[in-house]
2 protein chains.
Amino acid sequence: MKDAAAARPSAGLPAPTRREQILREAARLFAERGFHGVGVDEIGAAVGISGPGLYRHFAGKDAMLAELLVGISGRLFTGGRRRVAEAAEAGAPPREVLYALIDGHIDFALDDRALITLHDRELGQLRDSDRKLVRSLQRQYVELWVEVVRELHPRALEVEARAAVHAVFGLLNSTPHLGRPGALPGREAMAALLRRLALGALDALGPSPLLED
Amino acid sequence: MKDAAAARPSAGLPAPTRREQILREAARLFAERGFHGVGVDEIGAAVGISGPGLYRHFAGKDAMLAELLVGISGRLFTGGRRRVAEAAEAGAPPREVLYALIDGHIDFALDDRALITLHDRELGQLRDSDRKLVRSLQRQYVELWVEVVRELHPRALEVEARAAVHAVFGLLNSTPHLGRPGALPGREAMAALLRRLALGALDALGPSPLLED
DNA sequence: GGCATCTGTTAACGCTCATTAACCGAGCGC
DNA sequence: GCGCTCGGTTAATGAGCGTTAACAGATGCC
């Protein structure tokens with residue numbers, strides 16, 4: 001079985017492929033109960049087929065997870081790179097580039113909560129080669145942020161900037177931990193809040209501590 | 001450091017019990033490869049006994065995870081409550097109470113990275129009753145923070161304060177995601193950095209956005 | 001009309017793995 | 001010395017689950 005249509009051409013049609021259906025449901029289930037916690041029969045049932053029928057679309061359960069994780073980290077990176085490039089081309093100052101990165105990440109965090117969760121929960125379940133790939137994409141994405149942060153805070157050590165970027169990812173990725181919707185502000189309010197918090201954290205990177213008492 | 005002289009029957013000696021050995025190694029392994037990803041034989045091997053010998057100390061694999069998660073969320077909560085009480089008794093202003101909570105959480109995040117990881121990764125694997133207990137402890141801990149944050153930012157909506165607290169937890173708990181040590185600042189530098197970032201984020205809760213562009 | 005491909009189905013296989021059974025030496029109270 | 005509990009051991013059990021086999025109904029090409 002070869003990849004018949006692995007690269008879906010940008011036809012732009014809203015028709016959700018069976019493959020895509022499966023990926024979406026698998027992401028949801030994996031995020032809810034963990035990769036090992038959900039059986040192939042459940043995934044099948046979630047899209048109306050049952051059990052081994054999935055093997056007509058994927059080489060195995062691992063392959064689904066791999067595609068999800070490579071997909072999310074790839075989109076995060078390319079999306080971030082695009083935003084940085086566009087901002088740079090428009091001659092935007094570093095601070096605006098940072099805004100662009102933050103807003104882009106917030107969109108991911110709010111729209112793809114399941115994937116954000118999987119992204120750092122199930123990395124260990126991947127085959128070595130896939131894990132290397134995902135790690136590489138993650139590293140490149142972090143690097144985008146670190147460069148911008150270092151422009152804004154030239155006095156900060158690189159290792160501090162990197163740790164701060166990771167910390168801000170933790171902050172932005174916190175939404176999945178909030179209980180059922182209703183406990184959290186509406187999408188726009190939440191986005192605005194996360195934006196303020198992230199900026200507040202990163203602004204605190206610069207000035208030397210001024211330790212209180 | 002705190003002596004974890006948890007009330008164990010007929011113990012009381014500073015010697016590390018077999019039970020405690022097992023819990024520590026299990027925590028490390030669970031954090032590394034996930035609850036389902038590590039077998040009972042591996043846990044046994046990590047403490048020098050093999051396989052089913054663990055059942056002389058625990059009712060089962062689930063029981064180990066339950067004890068770990070209940071333990072960490074319990075210690076987080078009681079530690080936080082103690083700090084708040086002490087600060088209040090000393091007549092400290094809300095801002096200082098917040099400092100105490102932040103520093104306490106940072107100690108946990110830096111000293112018990114494995115447990116912090118498990119804490120929100122494997123909650124779903126618990127039996128219903130244990131999960132309820134852990135959730136309750138978590139909720140009470142969050143409430144400690146929310147109260148203090150609301151004193152500092154009376155104008156913020158409660159739902160915003162709660163979301164901000166979750167976000168700051170994400171920020172503070174980000175250290176496990178940093179690669180091997182060496183890539184991150186030393187323990188004291190890291191603590192100071194996290195402290196500044198968390199304060200920066202929470203300070204940004206207050207003022208109305210003043211949205212740039 | 002025939003046949004190949006695509007997408008399903010159900011049944012069977014095989015492996016992993018938590019748990020239990022059965023057994024055993026070492027202390028130790030008496 | 002006797003017997004009881006503790007903390008181990010290895011072998012067996014049994015369930016769950018990913019995967020593969022074998023088969024079948026459309027669909028469409030020639």
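A note on names: the letters A, B, ... follow the listed sequences, proteins ahead of strands, and every chain is numbered from 1. Side chains are part of it too, since the values below use all heavy atoms of this structure and drop only hydrogens, waters and symmetry mates.
Within the nucleic acid shown, Gly51(A) has no heavy atom closer than 4.0 Å to any nucleic acid atom. Residue contacts for Gly53(B): at a heavy-atom cut-off of 4.0 Å it reaches a base atom on one of the strands shown. Counting non-hydrogen atoms under 4.0 angstrom, Val38(B) reaches the backbone sugars and phosphates but no base.
Atom OH of Tyr55(A) and atom C1' of dT9(C) are 15 Å apart (whole Å). Between Gln125(B) atom CD and dA18(C) atom C1' there is a gap of 14 Å when expressed in whole angstrom units. As a whole-Å value, the separation of Phe58(A) CZ from dT20(D) P is 16 Å. Taking atom CD1 on Ile43(B) and atom P on dT19(C), their separation rounds to 10 Å, with Å as the unit. His36(B) has its NE2 atom 13 Å from the P atom of dG16(D), to the nearest Å. Atom C1' of nucleotide dT19(C) and atom CE of Met64(B) are separated by 11 Å, given to the nearest angstrom. If you measure from atom CG of Asp41(B) to atom P of dG8(D), you get 15 Å, rounded to the nearest angstrom. Atom CZ of Arg19(A) is separated from atom C1' of dC6(C) by 15 Å (rounded to the nearest Å).
Closest approach to the Ile49(B) side chain among dT9(D), dT7(C), dT10(C) is made by dT9(D) (side chain taken as heavy atoms from C-beta onward). Taking every side-chain heavy atom of Arg18(A) into account, dG8(C) is the closest of dT19(D), dT9(C), dG8(C). Distance from the side chain of His57(A) is smallest to dT7(C) among dT7(C), dT20(C), dA22(C). With distances taken from any side-chain atom of Val40(A) to the nucleotides dT19(D), dG8(C), dT20(C), the minimum falls on dT19(D). The side chain of Arg56(A) approaches dC23(D) more closely than any other nucleotide in the set dC23(D), dA22(C), dT20(D).
Note that the CG atom of Leu54(B) and the CZ atom of Arg19(B) stand 11.5 Å from one another [nearest 0.5 Å].
Side chain of Lys132(B) to backbone of Arg127(B): no donor-acceptor contact under 3.5 angstrom is found. In terms of modelled atom types and a separation under 3.5 Å, the side chain of Arg196(B) and the main chain of Leu205(A) share a donor-acceptor contact.
For the residue pair His36(B)/Gln125(B), the side-chain donor-acceptor check at 3.5 Å is satisfied.
Both Phe35(A) and Gly48(B) lie close to DNA chain D; mapped to their nearest nucleotides by heavy-atom distance, the more 5′-ward contact belongs to Gly48(B). Nearer to the 5' terminus of DNA chain D, by closest-nucleotide assignment, is the contact made by Gly37(A) (compared with the other of Gly37(A) and Pro52(A)).
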Discussion item. What verdict does the ring pair (Phe, Tyr, Trp, His ring centres under 6.0 Å) test give for Phe169(A) and His105(A), after you've listed the backbone C-alpha separation in whole Å, the side-chain angles of each residue and the deciding distance to 0.1 Å?
Written reply: CA-CA 8 Å; Phe169(A) 287 171; His105(A) 196 105; 5.0 Å; yes
